[in-house]
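Presented below is the structure to which this report refers.
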2 protein chains.
Amino acid sequence: MNYNAHVKPGSPDSCEAWQLMVQLFFAQRANLPPLAAELELSPAQCHVLHLIEPGRPIPMGQLAETLACHASNVTGLVDRLESRGLVRRRPSPADRRVKVLVLTQTGSRLRTLLLDRMTTPPDTLGRLSVSEQRALVRILTRLLE
Amino acid sequence: MNYNAHVKPGSPDSCEAWQLMVQLFFAQRANLPPLAAELELSPAQCHVLHLIEPGRPIPMGQLAETLACHASNVTGLVDRLESRGLVRRRPSPADRRVKVLVLTQTGSRLRTLLLDRMTTPPDTLGRLSVSEQRALVRILTRLLE
DNA sequence: CTCAATAGTTGACATCATCAAGTATCAGGC
DNA sequence: GCCTGATACTTGATGATGTCAACTATTGAG
């Protein structure tokens, strides 16, 4: 038994901040299914669509790594997206084992729609002052580095 | 066709902030499966465990609402958690149709372990100054209101 | 050229999630 | 009391998500 299991790294403030982040994360997690359903997508498909940027082909393996899931799972996800005409597999010129994914026109439009809806800020964000909003932008930018 | 579909409510700053939040959200979403696997849980089970606070029984229906999923899905999720001895169904004294969920000792310990790991702040958070961390706490608190 | 490693697919299987239908209970009106 | 409609949960059917092991094709090192 590890009696130090409850001792966390990081300052008390950073722990408190991250606890709130986890709260927010779970709240957002519950938000995704209904939002996805409006576009006839699943949460996982939204995640994939979010990761394929238009004009920036991505190898399937890299997608699996970013999603932190098994490669064979990506095969199925892409199968369904491709059968809906949102995505296309293309051979990689550099390595014939690799297939890269590109968005179709339809896929690109749907992705824009999805990101548009997801990134519409909740009311609570609008109640912050402008300086607070800017502080948040600055802080989040550094968190994502 | 709604030609204003791309016009977002909220100030430019709040939109930018929320775009970053969505980035963070997807990154965290990819983080959950490996973390859950360490505890032999699925992401969905983590979400459920997070929502059942020790000593605070919650009706199954309320769980379905918070998860934004169908009631029958909760039945299956709870079946598996109960068969692992993490959760128990108990009849509600107020309404015999309702079953409330309580954590077992094991479930409570596992939940603590889970939240402990999830709320361990990433390195990037520790690189912020203390005043920035406090500002983040203040802002996130208001976002969750 | 051989051989281990890598990228992706396939099939088997558990979980997640929805829906429609069913049972039990509740709450209101008669 | 007794209907009747609504609510809480379960069941069974079905599709999506996810893992694993085994497979093919390709790469790259020796």
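Just so we're on the same page: letters track the sequence lines, and every chain starts at 1. Since the structure is predicted, the reported quantities are computational estimates derived from the model, not experimental observations.
The backbone N or O of B:S14 lies less than 3.5 Å from a partner atom in the side chain of A:Q133, making a donor-acceptor pair.
Comparing A:R97 and A:L77 by the nucleotide of DNA chain D whose heavy atom lies nearest to each, the residue mapping closer to the 5' end is A:L77. Annotation: of the two residues near DNA chain D, B:S72 and A:A68, the 5′-most nearest-nucleotide partner is B:S72. Toward the 5' end of DNA chain C, the nearer of the two residues A:T75 and B:R96, judged by each one's closest nucleotide, is A:T75.
Residue B:S42 has its side chain nearest to C:dC16 when only D:dA8, D:dT17, C:dC16 are considered. Listed nucleotides C:dT15, D:dT26, C:dG8 differ in distance to B:R80; the shortest reach to its side chain belongs to C:dT15. Which of D:dT26, D:dG18, C:dG8 sits closest to the side chain of A:M60 comes down to C:dG8. You'll find that the side chain of A:H70 is closest to D:dT19, out of D:dC9, D:dT19, C:dT15.
One atom, CZ of A:R84, and another, C1' of D:dG15, lie 14 Å apart when rounded to the nearest Å. If you measure from atom CD of A:Q62 to atom C1' of C:dT6, you get 15 Å, rounded to the nearest angstrom. Look at CZ on A:R89: it is 8 Å from P on C:dT10, rounded to the nearest Å. Straight-line distance from the CG atom of A:D79 to the C1' atom of C:dT9: 9 Å, rounded to whole Å.
The same ILVMFWY cluster, assembled from side-chain heavy atoms under 4.5 Å apart, contains both B:L20 and A:L35.
The shortest heavy-atom contact between B:P33 and B:R29 is CD-O, 3.2 Å.
Ring geometry for A:F26 against B:H50 counts as parallel: the plane angle stays under 30°, on a 0 to 90° scale with 60° as the upper cut.
Using a 4.0 Å heavy-atom distance criterion, A:D95 is classed as a sugar-phosphate-only contact.
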